[in-house]
There are 4 protein chains.
Amino acid sequence: MLVVMKADATAEDVVRVCSAIEALGLTAHPIPGQSRTAIGITGNVGPVDPAQLSNVDGVKEVIRVTRPHKLTNREMKPEDSVIRVGDVEIGGPDVVVFAGPCSVESYEQMSVIARELKARGAHLLRGGAFKPRTSPYSFQGLGEEGLEILSAVRNETGLPIVSELLSTDELDLVVEHVDVIQVGARNMHNYALLRALGQTRKPVFLKRGLSATLEEFLLAAEYIMAGGNPGVILCERGIRTFSTHCRFTLDLSIVPVLKRATHLPVVVDPSHATGQRDLVLPMTRASVAAGADGVMVEVHPEPERAYSDGAQAITLDMFEELMTQVRQLGPLIRQRSAVSL
Amino acid sequence: MLVVMKADATAEDVVRVCSAIEALGLTAHPIPGQSRTAIGITGNVGPVDPAQLSNVDGVKEVIRVTRPHKLTNREMKPEDSVIRVGDVEIGGPDVVVFAGPCSVESYEQMSVIARELKARGAHLLRGGAFKPRTSPYSFQGLGEEGLEILSAVRNETGLPIVSELLSTDELDLVVEHVDVIQVGARNMHNYALLRALGQTRKPVFLKRGLSATLEEFLLAAEYIMAGGNPGVILCERGIRTFSTHCRFTLDLSIVPVLKRATHLPVVVDPSHATGQRDLVLPMTRASVAAGADGVMVEVHPEPERAYSDGAQAITLDMFEELMTQVRQLGPLIRQRSAVSL
Amino acid sequence: MLVVMKADATAEDVVRVCSAIEALGLTAHPIPGQSRTAIGITGNVGPVDPAQLSNVDGVKEVIRVTRPHKLTNREMKPEDSVIRVGDVEIGGPDVVVFAGPCSVESYEQMSVIARELKARGAHLLRGGAFKPRTSPYSFQGLGEEGLEILSAVRNETGLPIVSELLSTDELDLVVEHVDVIQVGARNMHNYALLRALGQTRKPVFLKRGLSATLEEFLLAAEYIMAGGNPGVILCERGIRTFSTHCRFTLDLSIVPVLKRATHLPVVVDPSHATGQRDLVLPMTRASVAAGADGVMVEVHPEPERAYSDGAQAITLDMFEELMTQVRQLGPLIRQRSAVSL
Amino acid sequence: MLVVMKADATAEDVVRVCSAIEALGLTAHPIPGQSRTAIGITGNVGPVDPAQLSNVDGVKEVIRVTRPHKLTNREMKPEDSVIRVGDVEIGGPDVVVFAGPCSVESYEQMSVIARELKARGAHLLRGGAFKPRTSPYSFQGLGEEGLEILSAVRNETGLPIVSELLSTDELDLVVEHVDVIQVGARNMHNYALLRALGQTRKPVFLKRGLSATLEEFLLAAEYIMAGGNPGVILCERGIRTFSTHCRFTLDLSIVPVLKRATHLPVVVDPSHATGQRDLVLPMTRASVAAGADGVMVEVHPEPERAYSDGAQAITLDMFEELMTQVRQLGPLIRQRSAVSL
């Protein structure tokens, strides 16, 4: 259920409607927009009678939302959501580049790579401290030490930090150290984790599950938003199909479909999707051309010596070329897509 | 790495080898078999020199295990693992039937259904207290109250209880109340949860992820076993494919492949796989015929009034027929597969 | 559009309705049933006015069929279609076993294997003369010579012959020599071939395409039936999914779904689906248990010397065991499924 | 097996090597390159002894090709193959745009649309005369009349014609009227058709099968080339996966993988892949950005009145914008990919 306020409704009107909603035992989610405010209603088990709200002052109309995603729905908030992290705007006019190694390996490694990436124009620094590994016998990340390294490197370089959270057990630790919390593809359906993230106010970088449909992906974001955290960044990272020429099948057409369905920013990870260094650059270009708000790429100064996923990490030279191309392509596409998408 | 002990090695020999393994900074997992004991070694980052162990008394040979699954591997333990829960043996000579409603709805509901199922021959009672729901706005289960209901019903009827754990936050609670802890398909890759379950001694009912490969499935079990918990039951419950005539595609041929690859019991859930009441009976038959050690089915006395997944729940009459057929088919197949699989 | 005749309608009534249908520029397909006759109408581009037919003598009702499959639809013909080939009834009370090598290699090979298979109870003999090979450089089959060998062996043993047709160019040749014409998975969407087969009166063994949905599968059968050939046998042979533990993913739950949707017989090919000799027996059992009317299996006296697909061919000893199990399981299931499916 | 000639080998040397190959009962396929000629060898069942050829004058080396695709292999012909159709170069410096309606509906329709498309810069005209329809009751195309219309429109406008061939029965007819023969996704595995096309000298536009792997796709092209027809254009048009937000999943990362594996031109069809008009433009941009040599798009002046697939046809205005963007993006990418792919 969605309450659309009149364009000239006052802040008091909005508060009054929220109170009326809560008096019904429901939860109100005011969503301020450019021209008017909408108020999402969640918590209803059965249908709510619209008449109970449509006569409150300032209400233009009450819409039954049949689709289960409400807070993520662009129909409820037509303007793009822009997630601000330090000086970086994700979902804004510029294509944002998240870059870094797969795993945090040491302070020296991260410090060197962060400065190199910053010099080449990266906007955020990624690095795994807790690693979700298919085998219990693989390197599982440096854990808390990795987070401290990331924190230190952020303080040195000013680059905001993105790192993955695997369990609610480490939530406080991760919240303390990182700027954007990543939820990996294998945890997209981990509803306990999503719910806990809804209670924080850190932006969440939510990767699509290996076999998640569009609706499941949006509902995972909905879990976070329903908890009160509006900062969700969606990331396409490849899906499981019969096709074996790449590690996963990058489902790029989800980018314009997501941009149509939701106001949240959409980022693509061509490194994990393809698993092959040589494909990162062409698929970065394709992602930007499809309308992505950003890309996340793995970079390693010496890929052959990486602790994990070296085959997909690009070198610093390749990253420099990638930034050049993103800077050239980005403005062209983003101005275009405004008129033609 | 796997140490195979001589057939006449003594218990002291085994202890001595385990000590030698641990002196190398590794973890030893003795796996007693019918004719001899094997000792799995985990915790090695790089290769271990076999010579360090092959001269210890009682050691027959030291085998490099290249496949990442060790503890789940039938090569390491040729005999079937039988998981005992109360009087029930899972993986033993009889086909085991797990039955119950999707969600625990009330004490009355569970009490009635448990007695009806027991009268018809069900071996374990399933029921969801914590429900993993795709939408944050769907019924999420009764939580702790649901577990208490299950506990009470077990005490009344003697039927062991299977219920799902969604998060490490509820681990103690679930361990306290249930006999077998279920990990749902959406959490098969939740390594933090798997690791925590490795620390318990309750059997784990591990459902295959929606797009998990055989190897990933076995490695998820490996996470639990590597923590020291040998009681893992594998469950095929349908995978995500293009095919839409059923909710998921039941991948029955994984049953004989798993039976060949691992010593763990293999169960099939035709209810979630098909999503259609009418298909539960034929696919139960097919599961047993393929060699499954058991099936898990959803039963509801009034499916049309179930809180969740009513379309796939069978009625009590259908369940009675299912038990009749399982009793007829089971012995026939299980005696056969001993000779011909 | 479907015309349902009254139970006491005469043969003349049926002829009269067919004439009325054809006077409208449409095609009538009388479908005699146990209790009454139905007449399928095809050829209509837009909707037909039911009033034009509902007043003709003997007509009970005229039903708009919204589903695109008409002639294959069980709603139009509730009784099972039984396809008779020589003395064999496919879709009748017994489970029918199609067996033979992947490719016809020589007269000696086929003659020996046919006698061995017949002695063990096989009902039909399969063997490829024209082979659809992924690579142009692989063995493509003996062609016409292969058909002549099959013909000679049928004459010797009395076993009806099933062999694959790859192109309308060889249609006459194949019709001349074989008893059942196979359409392989890779040709399920070859509409020119299906249409040509509709003009013959030889039964067609139609394999499901590698990524065909249930509806596409039925519509491929519909192409053949719409041409006037009622003898279609449907065969599930595994689909393409991400899952790699078998060559394809055997989608066994399509068996009961097909039996519900269509009156045509449904057969399963566990050899091509799994690609592994050891899995043929358990998946044959599972197919029969799921309600399949038959199985097609590859058998080779010396699998390691087969020209093609040796890894999936079972030996004669395995085939003997398979027949024993089918004879034991078949009656049990088929009597059961009558009451419980 | 591949013979690489010395850079200074003469035409006579090449002829001599071809004769030597054919004396061995094999087939020689000379592949002239910029700097040197390679000669592919096909027809060998078992291995060929390289010594039989390595001493012939002009031979630099003889390479065993283990991969089953030889003629399509970029290792055998490092330079891009450019397919010339009239004045159009497919695989050359410019991005080529194939455009037109799904089906040929009438002369007037095609004549109008061809002039409109030409005015906006389309390079080739597509239109279906024989339509592969899932249902036998759907519009199947105008057939020969459709081909005659296409022929007439080509003569009027000079736009080369692309149209689909469904069966060897219509091969002569299609060869007579069209400039590029399309093989649809559903016929990619129709080896009889591919083989027949190998005997023609018309370029073939080969669409990837719905569930074809990269290797199967290249081997389908290999069938055509092995017959002696070097003019194959590969087209990615979406694959079957679990994902339902688009009709198919456009597997764009196959574009750079194909460009690396083969010298053949690679085109993308975003219309069939997405099935949605609004997605054609962003996915065209993404295709070009990924390195595609061209795109095929469906255009209809009045999509809502199209006989088939209207939902995916773009309007003439959208096509004009698409051409503008392709002209802007194409040169930027194609110059880049030369240096960075």
Side-chain angles (χ1 to χ4, degrees), chain C residues 1 26-27 41-45 65 67-72 130-140 165-171 184-196 198 209-213 215-227 239-242 248, chain D residues 1 27 41-45 65 67-72 130-140 165-171 184-196 198 209-213 215-227 239-242 248 307:
Chain C
M1 189 85 89
L26 306 173
T27 309
I41 303 180
T42 61
N44 49 317
V45 182
V65 179
R67 285 206 260 177
H69 40 100
K70 300 179 188 180
L71 305 174
T72 53
F130 297 99
K131 300 297 305 170
R133 301 305 298 271
T134 309
S135 163
Y137 312 124
S138 300
F139 172 61
Q140 308 272 327
L165 173 68
L166 290 185
S167 162
T168 51
D169 299 342
E170 287 101 23
L171 179 62
R186 290 170 179 77
N187 274 319
M188 194 209 81
H189 289 293
N190 183 343
Y191 302 122
L193 194 69
L194 299 177
R195 212 188 304 269
L210 275 63
S211 59
T213 62
E215 182 170 304
E216 290 170 344
F217 192 13
L218 288 176
L219 285 172
E222 193 85 18
Y223 260 94
I224 298 166
M225 295 187 76
I239 56 173
R240 272 260 156 93
T241 74
F242 72 86
F248 295 96
Chain D
M1 190 83 91
T27 309
I41 302 179
T42 62
N44 49 317
V45 181
V65 179
R67 286 206 259 178
H69 39 101
K70 302 178 186 181
L71 305 174
T72 53
F130 297 99
K131 300 297 303 170
R133 301 306 298 272
T134 308
S135 165
Y137 312 124
S138 300
F139 173 62
Q140 308 273 328
L165 173 69
L166 291 186
S167 163
T168 50
D169 299 341
E170 288 101 25
L171 179 62
R186 288 170 181 76
N187 274 319
M188 193 209 81
H189 289 293
N190 183 342
Y191 303 122
L193 194 69
L194 299 177
R195 213 188 305 268
L210 274 62
S211 58
T213 62
E215 183 170 302
E216 290 171 345
F217 193 12
L218 289 175
L219 285 172
E222 193 85 18
Y223 260 96
I224 299 167
M225 295 187 75
I239 56 174
R240 271 261 156 93
T241 75
F242 71 87
F248 295 96
Y307 280 24

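What's counted below: heavy atoms across the whole structure, side chains too, no hydrogens, waters or symmetry copies. Naming: A, B, ... by sequence-line order, numbering from 1 per chain.
Neither the backbone nor the side chain of D:Glu170 comes within less than 4.5 Å of any heavy atom in chain C. For D:Arg195, the part sitting under 4.5 Å from any heavy atom of chain C is the side chain, from C-beta outward, and nothing else. For D:Thr168, the part lying near chain C is the side chain, with the backbone staying farther off; criterion is any non-hydrogen pair under 4.5 Å. Heavy atoms of D:Thr213 lying under 4.5 Å from chain C belong to its backbone as well as its side chain. Contact annotation for D:Ala212: only backbone heavy atoms (N, CA, C, O) come within less than 4.5 Å of a heavy atom of chain C. Both the backbone and the side chain of D:Tyr223 come within contact range of chain C, with heavy atoms under 4.5 Å apart. D:Asn187 touches chain C through its side chain: at least one heavy atom from C-beta onward sits under 4.5 Å away, while N, CA, C and O do not.
Of the inter-residue distances, the one linking D:Leu210 atom CG with D:Arg240 atom CZ reads 5.0 Å to the nearest 0.5 angstrom. To the nearest 0.5 Å, the span separating CG on D:Leu219 from CE on D:Met188 amounts to 8.5 Å. Atoms CG and CG, from D:Asn190 and D:Leu166 in turn, are 9.5 Å apart once rounded to the nearest 0.5 Å.
No donor-acceptor distance shorter than 3.5 angstrom exists from the side chain of C:Gln140 to the backbone of C:Arg133, with no hydrogens or angles considered. With D:Arg186 contributing its side chain and C:His189 its backbone, the two residues share no donor-acceptor pair below 3.5 Å.
Taking C:Ala192, C:Ser211, C:Ala220, C:Ala196 one by one and counting their heavy-atom pairs under 4.5 Å with chain D, the maximum is reached by C:Ser211. Of the listed residues (C:Asp169, C:Ile239, C:Thr241), the one with the most heavy-atom contacts under 4.5 Å to chain D is C:Asp169.
Among all heavy-atom pairs drawn from C:Ile224 and C:Leu194, the shortest one is CG1-O, 3.7 Å.
Under 3.5 Å, the side chains of D:Glu216 and C:Thr134 contain no donor-acceptor pair of N or O atoms.
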